[in-house]
Amino acid sequence: EAGVAQSPRYKIIEKRQSVAFWCNPISGHATLYWYQQILGQGPKLLIQFQNNGVVDDSQLPKDRFSAERLKGVDSTLKIQPAKLEDSAVYLCASSFRAPGGTPETQYFGPGTRLLVL
Amino acid sequence: KNQVEQSPQSLIILEGKNCTLQCNYTVSPFSNLRWYKQDTGRGPVSLTIMTFSENTKSNGRYTATLDADTKQSSLHITASQLSDSASYICVTRNPGPGGSQGNLIFGKGTKLSVKP
C-alpha cells in the first residue's frame, strides 16, 4: 500500500514570497490533515479536511495560509506571503474511520521542510 | 488547557541497553494515548495506541504502559538498536464537542540516540 505522498521535500524561499505544498493521501482515506512542526516541537494541526470539506481550521493563520482539497483527494497548502517564523516541516497525514469505534490512526507523509530566509 | 509533557527531552544510550521514556498528560476525559516514532526527516509512525481499558501494549521491542489514574504513560524499549535512534512522541486526543473525538495533542518528543 502506498503511503502519504508529499512534494516538494525541501523548499527555500525568501520572506514575502509565496510557496505551495502538495499532498496525496492514502487511497480511500477520507480525512486529511496538515500539520506544522517547528524544530524541537510536536506537530501542530493547521487544518483538517473530511472529504472536500473543512472540519477544523481554527489554528490556521488565515491571513497568510490557505488550503484546499477540491476533489476530496489531493490537497494543497499555500503560504502567501511567507514570514521567517514559517520555517518548519509541513506534514500531511490521512486517516480513515474504522468500524466499531476503533481509534483511527493517522498516517503521515515525509513532510516538506521549508526554510524562509 | 490539555497538555502532554514528555521526559527526558533527550537521551543517549548504548546499543543493547534498555530505556524508558515518560509521558504525562492532562486531557480529560481520556480517549486514547498513542506513541509515535519519528525518524529524522520523516513523518511520525504509530507504534502503539491504548484506550482507557488497556494498561500495557507491546509492539516488538516496544512496550507502552498507561496509568489512567495518575495520567502517566511510559514507553520501554528493550535491547536497543541503532535504528531506534529517533524522536518518540506521546499523543493524546482532545475531547471534541458533544462527545465526539477532538484533535490530537502532541508532546514535544524525546530524542533518543543509540550509540554503538
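Letters A, B, ... are given to chains in the order of the sequence lines, protein chains preceding strands, and every chain is numbered from 1.
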Check your understanding: Do A:L84 and A:L115 belong to the same hydrophobic cluster, where Ile, Leu, Val, Met, Phe, Trp and Tyr are linked whenever their side-chain heavy atoms lie under 4.5 Å apart, directly or via other members?
Key -> no
Revision key, fill the gap. If you tally heavy-atom pairs under 4.5 Å between each of B:P44, B:G107, B:C90, B:G109 and chain A, the highest tally belongs to B:P44
Review point. Heavy atoms, side chains only, cut-off 4.5 Å: are A:Q106 and B:V91 in contact?
Key: no
Practice item. Report yes or no: do B:Y88 and A:F108 belong to one cluster of Ile/Leu/Val/Met/Phe/Trp/Tyr joined by side chain heavy-atom distances under 4.5 Å? Key: no
Revision key, fill the gap. For residues 42-78 of chain A against chain B, heavy atoms under 4.5 Å, the residues are A:G42, A:P43, A:L45, A:Q48, A:D56
Study note, to complete from the structure: Comparing B:I89, B:V45, B:L104 against chain A, the one with the most heavy-atom pairs below 4.5 Å turns out to be B:L104
**Study point:** Neighbour count >12 (heavy atoms, 6.0 Å) for atom CD, B:Q81
**Key:** yes
Exercise for review: Could you name each residue pair satisfying salt bridge (Lys or Arg N to Asp or Glu O under 4.0 Å) that touches residues 106-115 of chain A, not counting sequence neighbours?
Suggested key: none
Point to revise | Portion of A:Y33 that has a non-hydrogen atom of chain B nearer than 4.5 angstrom | key: neither
Review point. Roughly how far, to the nearest 0.5 Å, is the CG atom of B:N103 from the OH atom of A:Y35?
Key: 7.0 Å
Review point. Is it the case that more than 12 heavy atoms not belonging to B:Q9 sit under 6.0 Å from its CD atom?
Key: no
**Study point:** Proximity of residues 35-42 of chain B to chain A, residues having a non-hydrogen atom under 4.5 angstrom
**Key:** B:Y36, B:Q38, B:G41, B:R42
Check your understanding: Among the clusters formed by ILVMFWY side chains lying less than 4.5 Å apart, do B:L75 and B:L82 turn up in the same one?
Key -> yes
Practice item. Treat each ILVMFWY residue as a node, draw an edge where side-chain heavy atoms are under 4.5 Å apart, and state whether A:I26 and A:L32 are in one component. Key: no
Exercise for review: List the atom of A:L91, the atom of B:G43, and the distance in Å for their closest heavy-atom pair.
Suggested key: CD2-CA, 3.9 Å
Practice item. Using heavy atoms and a sub-4.5 Å threshold, report which of residues 46-74 of chain B line up against chain A, by residue number. Key: B:S46, B:I49, B:T51
Review point. Shared ILVMFWY cluster between B:L14 and B:I77, side chains joined below 4.5 angstrom?
Key: no
Practice item. Look at atom CG of A:L117 and say whether more than 12 heavy atoms of other residues, nucleotides or ligands are closer to it than 6.0 Å. Key: yes
**Study point:** Value rounded to 0.5 Å, distance of CD in A:Q41 from OG in B:S87
**Key:** 11.5 Å
